[in-house]
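Beneath this line is the structure, given in C-alpha cells, with notes to follow.
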Amino acid sequence: MEWMTLAGTGVGALVGVGSTLLADRARWRPDLAERTRQERKQIYVTCLAKYRQAYEDMYTAAAAADRQGVTPDGAVREAFRASGCDEIRESALICAPQDLSDVLEDVYSTLRELVEVLAAGDPPLDSPEFQEHRLRHGQAVWAARAAMRRDLDLDLDLDRRL
C-alpha cells in the first residue's frame, strides 16, 4: 500500500510542476511582447528627440554665425555630429519593421538636407525657401510619428475612445 501513496504523491507533483510551467509559459509570451514594444517605443522617442535636438542645435549655430557674419559650415556640421543622430538612427533601423525604417530614413534625409542648407547659410533663415525645407522635415516627422503609433498599436484618437 505504501507504493500507492508514493505514486500518488509523484503524480501530484508532476501535475503541479507541469501546470506551473504551463502558466509561466502563458504569462511569458505577452510579457515578452510588451517588453519588446516598450523597448521599441523608447528607441522611437529617443530617435525623434535626438533629431529635434540636432535641428535646434544646428539652427542655433547657424543663427549665431549669421549674427557674427561668419560662415556657419563648421559649427552646423559639428552640432549635427554631436547630436548622436547617426547612432540612434542605426538602433531604430535595426529594431523597426521595414515600412517604418523607410519612414525614418525620410526623416533623416530631410534632416540631412537641413544640415546642408544651414551649413551653407543659404537661403537665409528667415526666407520662404528655408521655411519650405523646415516644412518638409516637419511633414516627415509627422509621418514618422503616425507610423510609430501604428507599429506600437497606439490609438491616440480620443474621439474614438468615447
Side-chain angles (χ1 to χ4, degrees), residues 23-162:
D24 284 347
R25 175 75 174 161
R27 275 192 303 262
W28 173 76
R29 188 159 284 194
D31 288 348
L32 178 62
E34 179 59 21
R35 202 169 37 251
T36 301
R37 190 180 77 77
Q38 288 298 327
E39 287 170 1
R40 279 195 335 261
K41 179 181 175 185
Q42 184 60 42
I43 288 171
Y44 296 162
V45 169
T46 302
C47 185
L48 291 180
K50 292 262 187 191
Y51 286 179
R52 178 64 186 181
Q53 190 62 52
Y55 169 75
E56 293 294 332
D57 291 347
M58 291 183 314
Y59 184 89
T60 300
D66 187 46
R67 283 191 303 273
Q68 296 169 1
V70 297
T71 306
D73 186 56
V76 168
R77 291 185 192 285
E78 180 54 33
F80 180 77
R81 273 191 297 277
S83 71
C85 286
D86 288 325
E87 294 84 358
I88 194 64
R89 171 182 167 239
E90 292 302 324
S91 295
L93 293 178
I94 287 170
C95 78
Q98 186 59 50
D99 59 330
L100 185 54
S101 293
D102 294 341
V103 173
L104 285 171
E105 280 297 280
D106 289 342
V107 176
Y108 185 78
S109 174
T110 60
L111 185 62
R112 291 296 301 189
E113 277 180 27
L114 284 168
V115 170
E116 296 306 318
V117 167
L118 289 167
D122 188 44
L125 298 178
D126 58 353
S127 70
E129 294 86 9
F130 178 73
Q131 297 309 317
E132 287 177 29
H133 288 285
R134 281 190 59 212
L135 178 61
R136 219 176 2 262
H137 178 66
Q139 289 168 338
V141 169
W142 276 102
R145 285 184 188 126
M148 289 171 182
R149 285 185 192 115
R150 283 190 305 274
D151 180 50
L152 298 170
D153 293 322
L154 296 178
D155 184 5
L156 298 178
D157 185 359
L158 297 177
D159 293 335
R160 285 195 253 168
R161 290 184 184 180
L162 299 176

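Since the structure is predicted, the reported quantities are computational estimates derived from the model, not experimental observations.
The OG atom of Ser101 sits 11.0 Å away from the CG atom of Asp106 when rounded to the nearest 0.5 Å. With values rounded to the nearest 0.5 angstrom, Phe80 atom CZ is found 11.5 Å from Asp57 atom CG. Taking CD of Gln42 as the start and SG of Cys95 as the end, the distance is 11.0 Å to the nearest 0.5 Å. With rounding to the nearest 0.5 angstrom, the CG atom of Leu111 is 10.5 Å from the CD atom of Glu116. Going from atom SG of Cys47 over to atom CD of Glu87 covers 11.5 Å, rounded to the nearest 0.5 Å. Here Arg112 contributes atom CZ and Thr110 contributes atom OG1; the two are 11.5 Å apart, rounded to the nearest 0.5 Å.
Summarising the geometry of Val76 relative to Ala119, their closest heavy-atom pair is CG1-N, 3.8 Å, with the distance given to 0.1 Å. When all heavy atoms of Tyr44 and Asp151 are compared, the closest pair comes out as OH-OD2, 2.6 Å. Counting all heavy atoms, side chain and backbone alike, Ala62 lies closest to Pro72 at CA-CB, 3.8 Å. In terms of heavy-atom proximity, Met148 sits nearest to Leu48 at SD-CD1, 3.6 Å. When all heavy atoms of Leu118 and Tyr59 are compared, the pair lying nearest together is CD1-N, 4.0 Å. Ala140 and Val107 make their closest contact through O-CG2, 3.2 Å (heavy atoms, listed as atom of the first residue, atom of the second, distance).
The backbone N or O of Leu100 sits nowhere less than 3.5 Å from a side-chain atom of Glu105 that would complete a donor-acceptor pair. Judged by distance alone, with hydrogens and angles left aside, the side-chain atoms of Ser83 form a donor-acceptor pair with the main-chain N or O of Cys85 at under 3.5 Å.
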Check: Are Arg77 and Arg81 close enough, and set up right, to give a side chain to side chain contact (heavy atoms under 4.5 Å, CB included), and what steps lead you there?
Finding: CA-CA 6 Å; Arg77 291 185 192 285; Arg81 273 191 297 277; 3.8 Å; yes
task = Verify side chain to side chain contact (heavy atoms under 4.5 Å, CB included) between Leu135 and Gln131, making sure each step is shown before the conclusion.
result = CA-CA 6 Å; Leu135 178 61; Gln131 297 309 317; over 6 Å; no
Residues Val141, Tyr51; criterion side chain to side chain contact (heavy atoms under 4.5 Å, CB included); working and verdict = CA-CA 9 Å; Val141 169; Tyr51 286 179; 5.8 Å; no
Starting from the C-alpha separation in whole Å, work towards a yes-or-no answer on side-chain hydrogen bond (donor to acceptor under 3.5 Å, both in side chains) for Glu34 and Gln38.
CA-CA 6 Å; Glu34 179 59 21; Gln38 288 298 327; 2.8 Å; yes
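Using a 4.0 Å cut-off between charged side-chain N and carboxylate O, Glu39 and Arg35 make no salt bridge. Salt-bridge formation is not detected for the pair Arg134/Glu129: no Lys NZ or Arg NE/NH1/NH2 atom is positioned less than 4.0 Å from an Asp or Glu carboxylate oxygen.
Of the residues Val103, Leu93, Asp86, the one that meets the side-chain contact (heavy atoms from CB on, under 4.5 Å) test with Tyr108 is Asp86.
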